[in-house]
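Indexing begins at 1, ligand by ligand and atom by atom, following the structure's order.
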Amino acid sequence: MQLVHLHSTGRLENMLGSSLCRILRRRPLKVTRCQVQEFTTSPQKIAISKVKEAGLLHSKALIGGKWLGANDGRTLPVHSPATGEVLVEVPYMGEVETNSAINEASKAFAGWRALTGSERSKLLRNWYDLLIANKEHLGHLITLEQGKPLTEALGEVVYGSNFVEFFAEEAKRIYGDIIPAPFSDRRIVVLKQPVGVVGAITPWNFPLAMITRKVAAAFAAGCTAVVKPSELTPLTALAAAELACQAGIPPGVLNVVMGDAPRIGDALMASNEVRKITFTGSTAVGKKLMAGAAGTVKKLSLELGGNAPCIIFDDADIDVAVKGTLASKFRNSGQTCVSVNRIFVQAGIYDKFSDAFATAVKSLEVGNGLHKGVAQGPLINEAAVEKVERHLEDALSKGAKVLLGGKKHSLGSTFYEPTVLTDTSTDMIIFREEVFGPVAPLIKFKTEEDVIQMANDTLFGLAAYFFTQNLSRAWRVAEALEFGMVGINEGIISTEVAPFGGVKQSGLGREGSKYGIDEYLEVKYLCMGSIKSF
Ligand code: NAP
C-alpha cells in the first residue's frame with residue numbers, strides 16, 4: 001500500500017516549537033492512493049466549494065474586526081479526519097497576535113458594555129438568525145473538519161445557535177438586588193456588571209457549540225472575548241465569527257486567534273486585561289490553566305473531562321435503555337465529554353440487554369460523515385485511534401472479551417469499529433479514564449449499593465445516566481450519584497436551557513441556562529448612607 005503524506009515538511013517546521021504530544025496529535029494522516037484519487041471528485045471538494053461560495057471559508061484570524069495572518073506568515077494545515085485531505089491553511093499565531101487581540105477586545109469593552117441589554121440582545125438575535133440561515137454550510141464545515149456525520153453536525157448547528165438565542169433573551173434580564181439594610185438610614189443595592197475581557201479556549205469535538213455556549217453568555221453580560229478554537233477545528237469558529245461580523249457585532253467584541261496553544265494560553269493568562277478564562281477541554285490542560293490564572297487572580301470556568309457511568313437496572317425498560325445508552329455512547333463516535341464510558345448492567349437483565357445493545361450497535365453504519373446513512377464518522381486523528389487501541393489492549397489483557405468490533409475499521413487509519421466489550425472490571429484503564437472513542441464496556445453488578453459505589457469510584461463527576469422504572473429508586477440513585485448532570489431514562493441531556501457542568505475534576509462553573517450568565521458577571525454592592533427619614 002503506497003502511503004502519501006499530505007502536508008509538507010515545511011509545514012511541520014511550523015509546529016516544532018510545540019511539545020511532542022501536540023506534534024503527534026497533528027501527524028499527517030496516511031491515506032491510500034485510491035483515497036487520494038477520490039479527492040478530485042469527492043463530496044469533500046463539493047462541500048468545501050459550497051462553503052467557500054457562501055463566503056464562510058476563512059483562512060485568516062479575526063482581530064479587531066480585521067482578517068489577519070500570523071505576523072511571521074506561518075500557517076497550519078487543517079485536515080479532514082475522514083480522508084486526510086488538507087482543507088485549508090490557517091494562521092499559526094502566538095503571543096504577539098494574542099496580545100493584539102486582547103488589546104482590541106479591551107478597547108471594544110467600554111462601548112459594548114455601555115449598550116443597553118436590549119441593544120446587545122438585538123445583535124445576538126441577528127447572529128442567531130444568520131447562524132440558522134447558514135445551517136447547511138456550517139453543518140458541512142463541521143463534518144469536513146471534525147468528521148461527525150452530517151445529521152449530527154446539523155444538530156450541533158441548531159444546538160450551538162440555541163445558546164445565542166437563549167442568551168440574546170437573557171441580555172435583557174441581568175437583574176440586581178435590593179437588600180433590606182440593618183440600619184434605617186442606609187439602602188443596600190446589588191449591581192451585576194460584566195467581568196471584562198474573556199479568554200475562551202475550546203476543544204475540537206463541538207467546534208461551534210463549545211464557542212457559542214461561552215461567548216453568547218459573555219456578550220449578553222457585556223463582556224468582549226478572545227476565542228482560541230482547537231487547531232484541529234478552527235474553520236467553524238471562523239465561519240461563526242464571519243456571521244457575527246455580518247450580524248453587526250462591533251469590531252473587537254469577538255476576536256479569534258489560533259496556533260501555538262501554550263503560547264496563546266500563556267498570553268491570555270499573563271494579561272491583566274483578561275479578567276476571566278473559560279475553558280473546555282481535558283482535565284490536564286484545565287489544571288494548567290487553573291494554576292496559570294492564579295498569577296493575575298482571574299475568574300475561571302472549567303468544563304473538563306468525564307467518566308460517565310450508565311446504569312441499567314433490572315426494572316429498566318429495555319428499549320429505552322438500549323436507545324439511550326446507544327445515543328450517549330456512540331454520538332460523535334464516542335468523542336463527547338458526556339459520553340457513557342462505563343455501562344453497569346444488573347445481573348437479572350444482563351444477557352437480554354447485552355444482546356439487544358450489541359444488535360443495535362451492529363446496525364451503526366461507519367463511513368465518511370458526508371455520506372448519507374452514516375452514523376459513525378472517523379475519530380479526530382490517528383492519536384485518538386491509538387488511545388482507543390491502548391484501552392482495548394489493557395482491557396483484553398485483564399480479562400475483557402470482545403462481543404462486537406474490537407479493531408480499526410478497514411476504511412482507514414482514523415476509523416474504528418463500534419465495539420462492545422464484556423467482562424470489564426474496575427482495574428482496567430477503560431474504567432478509570434474516558435476512552436473518547438466508540439467502545440462500550442459492559443460491567444455486571446448485583447445490588448444498588450454496589451453500583452452506586454462503583455459509579456462514584458472516579459475522580460471525575462460530569463454526567464451520569466441510569467435506567468429504571470421505579471420512582472423511589474430514581475430519586476435515591478439521582479441523589480446519590482456524585483455528578484453534575486444525571487440523565488434518568490434519557491441519554492441525551494444537553495440543552496441551552498439547563499446548567500451544564502461537572503463536579504470533582506470535571507470542572508468548575510456552569511454553562512447554559514439562567515446560571516450560565518453569572519460566570520461573566522461581577523457582583524457590586526452599593527451602600528447608600530445618611531438617608532433621612534420623615
Ligand atoms: P485539550 O487537549 O485539553 O484541548 C482543548 C483546548 O485547549 C484546545 O483549544 C487546545 O488547543 C487548547 N490547549 C492545549 N494545550 C493548551 C495549553 N497549554 N494552554 C492553553 N490551551 C491549550 O482537549 P481536547 O483533546 O481538544 O478535547 C477533548 C477533551 O475535552 C476531553 O477530555 C473532553 O472530555 C473534554 N470536553 C469537555 C467538555 C465539557 O463541557 N466538560 C466538553 C467537550 C470536551 P489545540 O487543540 O490547538 O492544541
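- R263 has no carboxylate O lying under 4.0 Å from a charged side-chain N of E95, or vice versa, which leaves the two without a salt bridge.
- Considering both main-chain and side-chain atoms, W204 comes within under 3.5 Å of ligand 1 through a nitrogen or oxygen pair.
- With sequence neighbours excluded, no residue forms a ring-ring contact (aromatic ring centres under 6.0 Å, His included) with F467.
- Nearest to atom 13 (N) of ligand 1 by heavy-atom distance, out of S494, A261, S506, is A261.
- Residue G265 approaches ligand 1 through these ligand atoms, each under 4.0 Å from one of its heavy atoms: 20 (C).
- The residue among L268, T202, I277 with a heavy atom at the shortest distance from atom 8 (C) of ligand 1 is T202.
- Taking 4.0 Å as the cut-off between side-chain N and carboxylate O, E519 and R510 do not count as a salt-bridged pair.
- With salt bridges taken as basic N to acidic carboxylate O contacts below 4.0 Å, none links R390 and D394.
- Using a 4.0 Å heavy-atom cutoff, F206 is absent from the residues neighbouring ligand 1.
- With hydrogens and angles disregarded, no donor-acceptor distance shorter than 3.5 Å links the side chain of N307 to the backbone of N341.
- Closest to atom 5 (C) of ligand 1 by heavy atom, among V285, T280, L302, is T280.
- For ligand 1, the polar-atom distance check finds no N/O of F436 at less than 3.5 Å from any of the ligand's N/O atoms.
- Each of the atoms 39 (C), 40 (O) of ligand 1 lies under 4.0 Å from some heavy atom of F500.
- Counting heavy atoms only, K228 comes closest to atom 11 (O) of ligand 1 of the residues M269, K228, E231.
- Checking side-chain atoms of K329 against main-chain N and O of V439 turns up a donor-acceptor pair under 3.5 Å.
- Between the choices P262, A267, A384, the shortest heavy-atom distance to atom 18 (N) of ligand 1 belongs to P262.
- Against a heavy-atom cut-off of under 4.0 Å, S230 is close to the following atoms of ligand 1: 9 (O), 46 (O), 47 (O).
- Residue N205 touches ligand 1 through its side chain alone, judged by heavy-atom distances below 4.0 Å.
- Distances from atom 40 (O) of ligand 1 to the heavy atoms of M485, R213, M258, M210 show the closest one on R213.
- The pair E170-K514 does not meet the salt-bridge criterion, since no charged nitrogen lies less than 4.0 angstrom from a carboxylate oxygen.
- The shortest N/O to N/O separation between L462 and ligand 1 does not fall below 3.5 Å.
- Counting non-hydrogen atoms of other residues, nucleotides and ligands closer than 6.0 Å to NZ of K298 gives a total above 12.
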Would K214 and T280 count as a side-chain hydrogen bond (donor to acceptor under 3.5 Å, both in side chains) if you check the C-alpha gap in whole Å, the side-chain angles of each, and the deciding distance to 0.1 Å? CA-CA 9 Å; K214 296 178 184 316; T280 296; 2.7 Å; yes
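- Nearest to atom 3 (O) of ligand 1 by heavy-atom distance, out of S282, A209, A308, is S282.
- For E165, the salt bridge (charged side-chain N to carboxylate O under 4.0 Å, His left out) partners at least two apart in sequence or on another chain are R125.
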